Amino acid sequence: MAIMNFGGVEENVRTREEFPLEKAREVLKDETIAVIGYGVQGPGQALNLRDNGFNVIVGQRKDSKTWDKAVADGWVPGETLFDIDEACQRGTIIQYLLSDAAQIAVWPTVKKNLTPGKALYFSHGFAVTYKERTGIIPPADVDVILVAPKGSGTSLRRMFLQGRGLNSSFAIFQDATGKALDRVVALGIGVGSGYLFETTFKREVYSDLTGERGTLMGAIQGIFAAQYEVLRENGHTPSEAFNETVEELTQSLMPLVAENGMDWMYANCSTTAQRGALDWWGPFHDATKPVFEKLYSEVACGNEAQRSIDLNSKADYREKLEEELKELRESEMWRTGAVVRKLRPENN
């Protein structure tokens, strides 16, 4: 395990150089990896593992859209595609990649198939961290491990196909076999991680829930909407407001940040832009930090977890979700975005 210095703080990381794919294949050569769920993370992880030469099967509900998607992706019913119960029986490593709410519902089926020596794998610390709320308490004689790619399953797959890797965190909650570390790192390499950084189940879920509700999704949508509305209220056209709010950020500036950092992005903008950004980041920081502190507190005390469990477990969850997404999709800002994206040079 390599010790890396991040801004003056040392962390344990695993890289593909020290733990190459060949070593990962050797570690898992006698394992059958059962990927349970083929929704958000399942396809990317399962396909990457399969393409990397691991023994992978998929468990999914029959007669569902995701079952049909798995068949379309080349998983063969009765050979590499099974219902959830049979996949769990066959797997020595069960990758539990259903949604958090679905994990609660399916847990009795998974639990009965967790025979001694198997490994239970998560990509989110939710179920185990909030076990009093989810009821998911793994038996003591199985490994309980986590690999959490820092992005969507779609991004994980796209980057894999481009020959790149998506960074992931890893954690061990329970090492019953003495093999948990090798198993989790091999799986992290197998699913297409860039490098793996060490965490715990609790830290993963606290940071993940905060990030999703914060800068990754919730906060960015709120900031986009606020700036767009102010520009429109002051006479700017939809196209101008969208380009200044979203398009320039996502297409021009964020790639510069990803390449070499925020300071490098600043250095590649005009001196007027630099001056304004340096003057205004402080007020935005001071305005939003109390919101982030409240958000983290709600995550840490379990309120956000309970809200997700309560709402996402309802029978009409998907219908309600679609209504909320439709409101976003049909807002002027995102209808403008759809037009702007079509006008990008690569689409013409």
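What you see is a predicted model, and the numbers here were worked out from it, not measured in a lab. Residue numbers count from 1 along this sequence.
None of T134, L98, L97 except one satisfies the side chain to side chain contact (heavy atoms under 4.5 Å, CB included) rule with Q103; the exception is L98. No option in V106, D83, T115, V110 other than V110 meets the side chain to side chain contact (heavy atoms under 4.5 Å, CB included) test with C88.
The closest side-chain heavy-atom distance from W75 to Y38 is below 4.5 Å. Put simply, the side chain of L120 does not reach to within 4.5 Å of the side chain of F173, judged on heavy atoms. Between F6 and V13, the closest side-chain pair of non-hydrogen atoms falls below 4.5 Å. F54 is listed as a side-chain neighbour of R25, based on a closest heavy-atom distance under 4.5 Å. With a 4.5 Å cut-off on side-chain heavy atoms, T272 and R275 do not count as touching. Using a 4.5 Å heavy-atom threshold, the side chains of I309 and F126 count as touching. Side-chain contact check for I145 versus F170: every heavy-atom pair is 4.5 Å or farther apart. Q45 places a side-chain heavy atom less than 4.5 Å from the side chain of Q95.
For the residue pair Q60 and G37, the shortest heavy atom distance occurs at OE1-CA, 3.3 Å. Heavy atoms only, all atoms of each residue included: L156 and G192 are closest at CD1-O, 4.0 Å. Of all heavy-atom pairs between V40 and P43, the closest is O-CD, 4.0 Å. Considering every non-hydrogen atom in both C301 and R133, the closest pair reads O-NH2, 3.3 Å. Residues A46 and V58 share a closest heavy-atom pair of CB-CG2, 4.2 Å. The heavy-atom pair separating P138 from V128 by the smallest distance is CG-CG2, 4.4 Å.
Salt-bridge check for E26 with K29: passed, with a basic side-chain N closer than 4.0 Å to an acidic carboxylate O.
There is no path of hydrophobic side-chain contacts, each under 4.5 Å, that joins F122 to F197. Under the 4.5 Å side-chain heavy-atom criterion for grouping Ile, Leu, Val, Met, Phe, Trp and Tyr, L231 is not connected to Y228 through any hydrophobic cluster. Under a hydrophobic clustering in which Ile, Leu, Val, Met, Phe, Trp and Tyr are joined whenever their side-chain heavy atoms come within less than 4.5 Å, directly or via other members, I137 and I172 fall into different clusters. By the rule that hydrophobic residues join a cluster once side-chain heavy atoms approach within less than 4.5 Å of another member, L209 and F292 end up as members of one cluster. Cluster annotation: L28 is connected to V184 through the hydrophobic network of ILVMFWY side chains, with a link wherever side-chain heavy atoms come within less than 4.5 Å.
A tilted orientation is assigned to the rings of W107 and Y96, their planes being inclined by 30° to 60°. Ring planes of F242 and W334: perpendicular class, angle over 60° (limits at 30 and 60°).
In this structure a side-chain-to-backbone donor-acceptor pair under 3.5 Å is missing from N5 to E10.
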Candidate pair D143 and D175, rule side-chain contact (heavy atoms from CB on, under 4.5 Å), full reasoning: CA-CA 5 Å; D143 293 342; D175 184 4; 3.6 Å; yes
Worked check of side-chain contact (heavy atoms from CB on, under 4.5 Å) between L166 and F160: CA-CA 8 Å; L166 185 63; F160 177 86; over 6 Å; no
Stepwise side-chain contact (heavy atoms from CB on, under 4.5 Å) check, Y121 with I33: CA-CA 10 Å; Y121 166 114; I33 304 166; over 6 Å; no
Steps toward side-chain contact (heavy atoms from CB on, under 4.5 Å) verdict (D208, V299): CA-CA 10 Å; D208 190 71; V299 168; over 6 Å; no
Worked verdict on Q227 versus T245 for side-chain hydrogen bond (donor to acceptor under 3.5 Å, both in side chains): CA-CA 7 Å; Q227 178 170 303; T245 300; 3.3 Å; yes
Check against salt bridge (charged side-chain N to carboxylate O under 4.0 Å, His left out), R203 and E198: CA-CA 10 Å; R203 282 176 18 217; E198 192 172 19; over 6 Å; no
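The number of heavy-atom neighbours closer than 6.0 Å to CZ of R213, taken from other residues, nucleotides and ligands shown, is above 12.
Looking only at atom types and distance, the side chain of D85 has no donor-acceptor partner in the side chain of T109 under 3.5 Å away. In summary, the side chains of S64 and T66 do present a donor paired with an acceptor at a separation below 3.5 Å, with no hydrogens or angles considered. For the residue pair D100 and Y130, no side-chain donor N or O sits within less than 3.5 Å of a side-chain acceptor on the partner. Side-chain contact of S169 with E204: a donor-acceptor pair under 3.5 Å is absent, judged by distance alone.
Counting side-chain heavy-atom gaps under 4.5 Å among Ile, Leu, Val, Met, Phe, Trp and Tyr, the cluster of L216 also holds M217.
Taking the side-chain contact (heavy atoms from CB on, under 4.5 Å) definition, one finds that R335 meets it with E332, sequence neighbours left out. Every residue two or more places apart in sequence or in another chain was checked for a salt bridge (charged side-chain N to carboxylate O under 4.0 Å, His left out) with E248, and none qualifies.
Applying the side chain to side chain donor-acceptor pair (under 3.5 Å) definition to pairs two or more places apart or across chains, none involves residues 249-261. Within the structure, side chain to side chain donor-acceptor pair (under 3.5 Å) pairs that include any residue of residues 282-299 comprise E298-N303 (at least two apart or interchain). Counting only residues at least two apart or on different chains, the side chain to side chain donor-acceptor pair (under 3.5 Å) pairs with a member in residues 149-168 are N48-R157, D51-R157, S152-S155, Q162-R164, S168-S193.
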